Amino acid sequence: MATSLSSVIHITFLDTKTTQRRFITPSKSHRKFLVNSSKSTPDTPLTPISDNKKNSSLSDQLASLANTTLSTVPEDQPEILSKPNPTWVNPTKAKRPMLSQQKQKRSSVSYNPQLREFQQFAQRLNNCDLSNEEEFMACLEEIPTTSLSRVNVLLVLNSLRPWQKTYKFLNWIKSKDLIPMETIFYNVTMKSLRFGRQFGIIEELALQMIDNGIEMDNITYSTIISCAKKCNLFDKAVHWFEKMYKMGLMPDEVTFSVILDVYARLGKVEEVVSLFERGRATGWKPDPITFSVLGKMFGEAGDYDGIRYVLQEMKSLGVQPNLVVYNTLLEAMGKAGKPGFARSLFEEMVDSGIAPNEKTLTAVIKIYGKARWSKDALELWKRMKENGWPMDFMLYNTLLSMCADVGLLEEAETLFKDMKQSEYCKPDSWSYTAMLNIYGSEGDVVKAIKLFEEMCKLGIELNVMGCTCLIQCLGKAMEINDLVKVFNIYVDRGVKPDDRLCGCLLSIVSLSQGSKDQEKVLGCLQRANPKLVAFIQLIADEETSFETVKEEFKSIMSNAVVEVRRPFCNCLIDICRNKDLLKRAHELLYLGTLYGFYPTLHNKTQYEWCLDVRTLSVGAALTALEEWMATLAKIVKRDEALPDLLLAQTGTGAHKFAHGLNISFASHLRKLAAPFRQSEDKVGCFIATKEDLVSWVESNSPSEFVAT
DNA sequence: CTAGGGTTAG
């Protein structure tokens, strides 16, 4: 009797509710995924923090599962669902298997030397011009029909490419009716079609098989499903998986891992884990490929607990990770932001005797670069050279990007020179972008411009990130005429400015306050994001009401990607302060806080309140300080509770944007005559006691700087 | 690509 997928999934969820799960359950990671899965995009609606709801609840996720897989309860309902109370499942009862323990065996096809005749025939067909239909058909008629057998047909089907030829040959065999059609003929043809991403034709063939009573086996289904996946037709993939159960066929481990990957790519972590655990509960021992699928999924979700779950499961089942599994898990560790665990996993891999390949090293170098671990990155680089570990183009570029991330100027220049001299790893737009990034952050205008000219001369593709690096470099050096020139070349060449580039221009607008240059930069910004320029004009007009500002602010920020929202807000505050529009600056800080751009600005414990301005621009930090002092003054005056210690943190200025923040902050503290003093053992930390604060309030009239 | 599944860049 057929087991439907619907019932299988249903049972799985009942299991999780009614029985102890016997196998390690990453329920924590589920929850974490639900939080992480609400990745913000430019489309993310902007909601004030107070009524910020969870983007995706568990029931929402389960609802989608119900809609996709529970909707089709078949006529032959398994007994468990026909019982009056189907919500109870006896945990000790043997579980209904949901996948076959045995991988489908292939029929052995022996390729004998007597097949030379057909090899030559296939060769001739392959030499035919694809666009010349008649030539191909004429060639087909020359087939040596006397010795036509299934083995010969298979040989030809396997040798033909591209897919059009395989497909034509299958149809021809079928139409000639010389030999009974077999499953394997379809399977081989489908594989060829999958290379050409021809899902439509594959589906047509599948329906044909059903019509003609040709058995579809696990190889057929896994090919269909993986083709749908390759074509991003995930609904089709799920459809054929369900169909398989309905047809009474149990998936084997290959088909099962394919469908797990389908759900994983849809971000349906719950479903993947449920299917996986259900399979595990019926005695299935997953292989490394399945673990690789799970590892990638948890990496995409940034779910460290999930990755650890994969490692634990492998260990407890005695499955030794292979090279691909390690590569996937290392990549996943990077995405989950765990450089330390990535490092130990990498060492574990090398210790276990598996030699890293290009992908391994690319993943690890990238992680070290992003974590700014220059020591580890350099050490690994040295080991790569000593051990003669393989290098490829992507690894070269990743090393360059790493140099940009950790600030290794000379190493990058050597590497770049090596690439230019190499035969197969010539620098491309990625390599040039990395170099622009380095010169940009070094502030080396001359070298950056020289590189840009070289790119133009060599016809290297220009991209928006390179543009941003150049603009940042020229902006910091206040080379505004060159900046405008470079910007226009990029845009004229079809590069579309993105939010980061706009943020970069916006910060230069704030830096060029009061000079003629500001108009020039605004001109660039006008071309990139006219709404942003209109907003600057709006807030600069003192007549504009707060309500109008709020509305436009919301619209601007909703249209911007999440990563730039705080920088945008910082720059806008700076612009206002430069124009002496203090009230507006406070309004913008208020709005930024309201929409959650400054979640860590205030940290309170019973003993200590801390104002952390480390991610704020100078203007925003000063505005936040004023706001805080006014609030504290109010609290003192109202005689409300205060902690013993008050802290303000600006950081050390090690971050490239935070230069001078602590100096400006200290000077503003003096201007306000605020009672904070620089901490002796912590740079960038300002301290005041409750007593300091109270006596300061009593001897001052702080209302004079309270802007709102 | 010798009938099916997994891994590399802001």
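Lettering follows sequence order; numbering is per chain, from 1. Keep in mind that this is a model prediction, so the values were computed, not measured. Only this structure's heavy atoms are used, side chains among them; waters, hydrogens and symmetry mates stay out.
Using cut-offs of 30° and 60° for the angle between ring planes, the A/F118 and A/F121 rings count as perpendicular.
Taking the side chain of A/S292 as heavy atoms from C-beta on, and the options B/dG10, B/dG6, B/dG5, the nearest nucleotide is B/dG6. The side chain of A/V258 lies closest to B/dG5 when the candidates are B/dG5, B/dC1, B/dG6. Counting only heavy atoms from C-beta on, A/V293 has its side chain closest to B/dG6 among B/dG10, B/dC1, B/dG6. Closest approach to the A/E331 side chain among B/dT7, B/dG5, B/dA9 is made by B/dA9 (side chain taken as heavy atoms from C-beta onward). Here B/dG5 is the nucleotide among B/dG10, B/dG5, B/dG6 with the atom lying nearest to any side-chain atom of A/S257. Here the side chain of A/D428 is nearest to one of B/dG5, B/dA9, B/dA3, namely B/dA9. Of the candidates B/dA9, B/dT7, B/dG5, the closest approach to any side-chain atom of A/N327 belongs to B/dT7. Side-chain proximity of A/V188 to the nucleotides B/dT7, B/dA3, B/dA9 is greatest for B/dA3. Taking the side chain of A/R161 as heavy atoms from C-beta on, and the options B/dA3, B/dT8, B/dC1, the nearest nucleotide is B/dC1. Minimum atom distance to the side chain of A/Q104 is reached by B/dA3, of the listed B/dA9, B/dA3, B/dG6.
Of the residues in residues 193-202 of chain A, those placing a heavy atom less than 4.0 Å from an atom of DNA chain B are A/R194, A/F195, in numerical order. Contacts between residues 222-234 of chain A and DNA chain B, counted as heavy-atom distances below 4.0 Å, involve A/S222, A/T223, A/K229.
Within 4.0 Å (heavy atoms only), A/T328 reaches sugar-phosphate atoms of the nucleic acid but no base atom. Using a 4.0 Å heavy-atom criterion, one finds that A/V464 contacts no nucleic acid atom at all. Within 4.0 Å (heavy atoms only), A/T189 reaches no atom of the nucleic acid at all. Counting non-hydrogen atoms under 4.0 angstrom, A/D217 reaches a base of the nucleic acid.
Legend: residues meeting salt bridge (Lys or Arg N to Asp or Glu O under 4.0 Å) with A/K165, ordered by chain and number and at least two apart, are absent. For the side-chain contact (heavy atoms from CB on, under 4.5 Å) test, residues two or more places apart in sequence or in another chain that qualify with A/E347 are A/R383. Remark: A/T360 engages A/L323, A/N327, A/L330, A/F346, A/M349, A/P356, A/N357 in a side-chain contact (heavy atoms from CB on, under 4.5 Å) (not counting sequence neighbours). Listed by chain and number, the residues in a side-chain contact (heavy atoms from CB on, under 4.5 Å) with A/D376 are A/R343, A/Y368, A/W373 (sequence neighbours excluded). Partners of A/M419 according to the side-chain contact (heavy atoms from CB on, under 4.5 Å) rule, which considers only residues two or more places apart in sequence or in another chain, are A/F393, A/Y396, A/N397, A/L400, A/P427, A/S431. When the side-chain hydrogen bond (donor to acceptor under 3.5 Å, both in side chains) test is applied to A/R566, no partner is found at least two apart in sequence or on another chain.
Between B/dG6 and B/dC1, the two P atoms lie 15 Å apart (nearest whole Å). For the C1' atoms, the distance linking B/dT7 with B/dT2 amounts to 24 Å, nearest Å.
Below the 3.5 angstrom threshold, one finds no donor paired with an acceptor across the side chain of A/N158 and the base of B/dT2. Residue-to-nucleotide contacts include no donor-acceptor pair under 3.5 Å from the side chain of A/D498 to the base of B/dG10. Taking 3.5 Å as the limit, the base of B/dG10 and the side chain of A/N437 contain no donor-acceptor pair of atoms between them.
Contact between the side-chain N/O atoms of A/K296 and the OP1/OP2 oxygens of B/dT7 is found at a separation under 4.0 Å. Contact check, A/K105 against B/dA3: no side-chain N or O comes under 4.0 Å of OP1 or OP2. The side chain of A/K359 contributes no N or O atom lying less than 4.0 Å from OP1 or OP2 of B/dG6.
Stacking of the aromatic ring of A/F291 onto the base of B/dG6 is not found under the criterion of centres within 5.5 Å and planes under 30°.
Pairs engaging residues 222-234 of chain A under the salt bridge (charged side-chain N to carboxylate O under 4.0 Å, His left out) rule: A/K229-A/D261 [sequence neighbours left out].
If you take CD1 of A/I289 and C1' of B/dT7, they are 11 Å apart, rounded to a whole angstrom. Protein atom CH2 of A/W430 is 6 Å distant from nucleotide atom P of B/dG10, rounded to whole Å. A/R500 places its CZ atom 11 Å from the P atom of B/dG10, with the value rounded to the nearest Å.
Atoms CG and CD1, on A/L99 and A/I259 in that order, are 12.5 Å from each other to the nearest 0.5 Å.
Of the residues near DNA chain B, A/K103 and A/P162, the one whose nearest nucleotide (by heavy atom distance) lies more toward the 5' end is A/P162.
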